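From a predicted model like this one, the values you see are computed outputs, not experimental measurements.
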Amino acid sequence: MNILGLELNFDFFEAEQMEVYERENQRVAEDIKEPAQYEGKSTADAFRIQCRIIDRFFDNVFGEGTAKKLFKGKANLRDHMEAFGIVAQGATEARGELEAIKDKYSPNRAERRQTERNNRQVQKQGSRNYHHNAAGYKGQGKNRNH
């Protein structure tokens with residue numbers, strides 16, 4: 001995965017790597033929200049705190065020194081958030097890919113798809129328009145005088 005011009009290897013399908021990612025992702029979410037660390041701090045200091053939290057995430061997930069390579073020692077919150085977002089997007093895409101694989105190889109896939117078709121047909125048949133159209137209804141009732 002390419003993050004801010006640096007190619008980082010990560011496999012969201014490998015259990016050990018995913019375990020580290022989930023743990024560190026949760027830690028970022030908790031640490032960023034901790035209000036006490038921001039009390040009495042300037043906006044610049046708050047940026048530094050948040051950048052350090054994300055630096056720790058990258059070092060723990062991708063290996064020590066990754067944050068330094070990525071951010072070159074700078075505390076640019078936009079860059080840090082962008083980099084973190086790229087990793088989060090990779091996790092989201094991996095989840096989607098996993099769901100597609102599970103659906104593709106699920107033993108009851110054909111049965112499930114047929115059930116979905118049947119449900120759509122039942123919904124369609126239950127609609128007022130279906131009954132009128134199926135009966136040849138063209139807006140003229142039986143008892144209307146023409």
Quiz item: Is it true that Met1 and Leu98 fall in one hydrophobic cluster, defined by side-chain heavy atoms closer than 4.5 Å?
Solution: no
Quiz item: So, Arg48 and Asp45, do they make that salt bridge, N to O below 4.0 Å?
Solution: yes
Practice problem: Please round to the nearest 0.5 Å and tell me the distance separating atom NE2 of His80 and atom NZ of Lys74. | Solution: 11.5 Å
Quiz item: Once you round to the nearest 0.5 Å, how far does CD of Glu82 lie from CD of Gln89?
Solution: 10.5 Å
Quiz prompt | Check: Gln37 side chain, Ile49 main-chain N or O, donor-acceptor pair, under 3.5 Å | solution = no
Quiz prompt | Gap separating the CG atom of Leu70 from the CG atom of Asp55, nearest 0.5 angstrom | solution = 9.0 Å
Quiz prompt | Contact check, side chains of Ile53 and Glu30, non-hydrogen atoms, under 4.5 Å | solution = no
Practice problem: Would you indicate whether the side-chain heavy atoms of Phe71 and Asn76 approach each other to under 4.5 Å? | Solution: no
Quiz item: Got a second to check how far Ile32's CD1 is from Ile54's CD1, nearest 0.5 Å?
Solution: 5.0 Å
Quiz item: Are side-chain heavy atoms of Met18 and Phe13 found at a separation under 4.5 Å?
Solution: no
Quiz item: Under 3.5 Å, is there a donor-acceptor pair between the Asn60 and Glu24 side chains?
Solution: yes
Self-check item: Those residues that, when tested against Asp59, pass salt bridge (charged side-chain N to carboxylate O under 4.0 Å, His left out) (two or more places apart)
Solution: none
Quiz item: Is it true that Phe84 and Phe58 have ring centroids separated by less than 6.0 Å?
Solution: no
Self-check item: Residue pair Gln50 / Tyr38, side-chain heavy-atom distance below 4.5 Å
Solution: yes
Quiz item: Which value, rounded to the nearest 0.5 Å, describes the distance between Lys69 atom NZ and Leu6 atom CG?
Solution: 7.0 Å
Quiz item: Taking all non-hydrogen atoms of both residues, which atom of Ala75 and which atom of Cys51 are closest, and how far apart?
Solution: C-SG, 3.6 Å
Self-check item: Between Gln26 and Glu22: side-chain donor-acceptor atoms closer than 3.5 Å
Solution: no
Quiz prompt | pair Phe12-Val87: side-chain heavy atoms closer than 4.5 Å | solution = yes
Practice problem: Report the distance from atom CG of Asp79 to atom CD1 of Ile3, rounding to the nearest 0.5 Å. | Solution: 12.0 Å
Quiz item: Which pair of heavy atoms, one from Phe47 and one from Leu77, lies closest together, and at what distance?
Solution: CD1-CD2, 3.4 Å
Quiz item: Side chains of Tyr21 and Phe62: closer than 4.5 Å at any heavy-atom pair?
Solution: no
